[in-house]
Amino acid sequence: MNEFKAYHPMVNFAFFVCAICFSVLLMHPACLFVSLFSSLAYLAVLKGKKALFTNLLYMLPLAFATALVNAAFNHEGATILAYLPGGNPLTLESVVYGFCAAAMILSVICWFSCYNEVMTSDKFIYLFGRVSPALALIFSMTLRFVPRFAEKLSEVTIARRSLGKDSGNQNVRERIKSGLSSLSATLSWALENSIETADSMKARGYGIPGRTSFSIYSFEKKDKIALALIFALSICVIYGRICGVLNFSYFPTFGAIRSDFAAVWSVFAYFLLCIVPIVIELKGMRRWKKSK
Amino acid sequence: MALVLVASFQWGENPIVMEEPQISQPQMNEKNKEPMLTEITKKEEKTPDTKSPASGKEKETPVAVVEEEQPKTQEEKPVLPENNKKQETMQAEKKLVCSFSVSCNTALANIDRLVPEKQPLIPSDGVLYKREDVVFNEGDTVFDLLLREMTAAGIHMEFAKTPMYGNVYIEGIGNLYEFDCGELSGWMYRVNGAFPNFGCEGYKLETGDEVEWVYTCNLGRDVGGDYAVQNGE
């Protein structure tokens, strides 16, 4: 499960930039399907099937809400299904577009949870620490903030419970009160901690020119191959986008889905691009099984 | 009971109203019946009803129900055609009619600037709704008329209501939207050849008005509706 993680950070980062950008930019139904399918599959490979189902539990309602909100506010489209109470029409095109937008949002969320698994903050600092030290540090601290805050909050709550401050069977008012004091303790810890981190990084000479830092990453042959593959496939997808074969119009009527060679090849290249990490993981798993 | 009648007519729930004459019928003789019916038709005309071109048929439904009741008492039968005629003549007297049309000739003229996906939408003569005399109700605004006619004709129309100003803005008709044909394009309305300088919900219709909805690609200049032209400056 750590095969793709073991690749050079540049490969990891290049892959996620391509995957997330194309997910947002390509609204062609085939591309959305490819993106959603492969992001869910990769999430399942990384975190296991159980984690995937818990993710889907909040993702599906979110998708439905997105689709409904779109249909309620967007009335464009030639196929009128019904009229809303306000007098504006409810159109088939806006409903379908709502679902497609929901699929896009879901796939981007999935890609980002994969990103958090693979691209740890040390990798990010390694890539961008030289280019823009302050920005790289802030970015990695921000990405790390929420999980760290949640961890600390549960720590504080446990500590308070052990002191007998929060017995767990109080009324709502008491519980809110005790929760708030835990939160306030954690908040002041977070503020103090960010200052401490900044001071500590300064003390280590972070960002000073001429300073070298240790890293365990080396750019090997497999990284070269993977990066070249990602680059080549991205060029194919971008070419398809520029040619217009990956464009699809939802309004006022659905555009035609092209099935000529250029269109099919672009979608296939996009599919290959999206499954690069999955293929790498599966290959690693097979080799592991063989070696046993 | 008269109050109930008016109220239920206003909500357009004809079936409830139709029961009323049934209840009162046995108590009435022939002479009483006639004025009662005309009273109903008078009230009916005053009340706004939702679909005017198709309403010709709907308006007659109460009468049709009465017709079904008639066979109960045979003497009343000959009275009916007379009632029908009366109703029709009264309608003709009080009919509120205006002409109404929707066209987008300017989009046709500037088709090269139009969003490519929308080009197949534009009819070859640039007319989305052919000029027609339509019936409207007392107190109807230009917006009420547009909404009703577009709904009845099955033509797509999107508007945005702004409660703060108590008015509406027409964003698109027939999927031809504002900004679809250049950044100065959008829908405007003209009544009797002049462009009122306020929203269409604020214009109360009068009989004989000529309402035209036109698409402009140049902030009204290409349809003769810019501010300077109207004020003669």
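A, B, ... follow the sequence lines: proteins, then strands. Residue 1 opens every chain. Because the structure is predicted, anything quoted here is derived from the model rather than measured.
The number of heavy atoms from other shown groups lying within 6.0 Å of CD (B:E210) is above 12. Counting non-hydrogen atoms of neighbouring residues, nucleotides and ligands closer than 6.0 angstrom, the CZ atom of A:F128 exceeds 12 such neighbours. Residue A:F37 places its CZ atom among 12 or fewer non-hydrogen atoms of other residues, nucleotides or ligands, all under 6.0 Å distant. Crowding of A:F53 atom CZ: a count of heavy atoms from other residues, nucleotides or ligands under 6.0 Å not exceeding 12. With a 6.0 Å radius and a threshold of 12 heavy atoms from other residues, nucleotides or ligands, A:F268 has its CZ atom at or below the threshold. Environment of OH in B:Y169: crowded, with over 12 heavy atoms of neighbouring residues, nucleotides or ligands closer than 6.0 Å. When the shell of 6.0 Å around OH of A:Y97 is examined, it contains 12 or fewer heavy atoms from other residues, nucleotides or ligands.
For A:E76 against B:H156, the heavy-atom pair with the smallest separation is CA-NE2, 3.8 Å. What you find for A:Y83 and B:I155 is that their closest heavy atoms are OH-O, 4.0 Å. Residue A:P252 comes nearest to B:L121 through the heavy atom pair CG-CD1, 3.4 Å, listed as atom of the first residue, atom of the second, then distance. What you find for A:I80 and B:G154 is that their closest heavy atoms are CD1-O, 4.0 Å.
With a 4.5 Å cut-off on non-hydrogen atoms, A:F73 touches chain B through its backbone but not through its side chain. For A:T79, no part lies near chain B; criterion is any non-hydrogen pair under 4.5 Å. Residue contact with chain A, scored on non-hydrogen atoms closer than 4.5 Å, is absent for B:L176.
From B:E158, atom CD reaches atom OG1 of A:T91 across 8.5 Å, with rounding to the nearest 0.5 Å. Between atom CD of residue B:E117 and atom OH of residue A:Y250 there is a gap of 12.5 Å, rounded to the nearest 0.5 Å. One distance of note links CZ of A:F251 with CG of B:D180; it measures 12.0 Å at 0.5 Å rounding.
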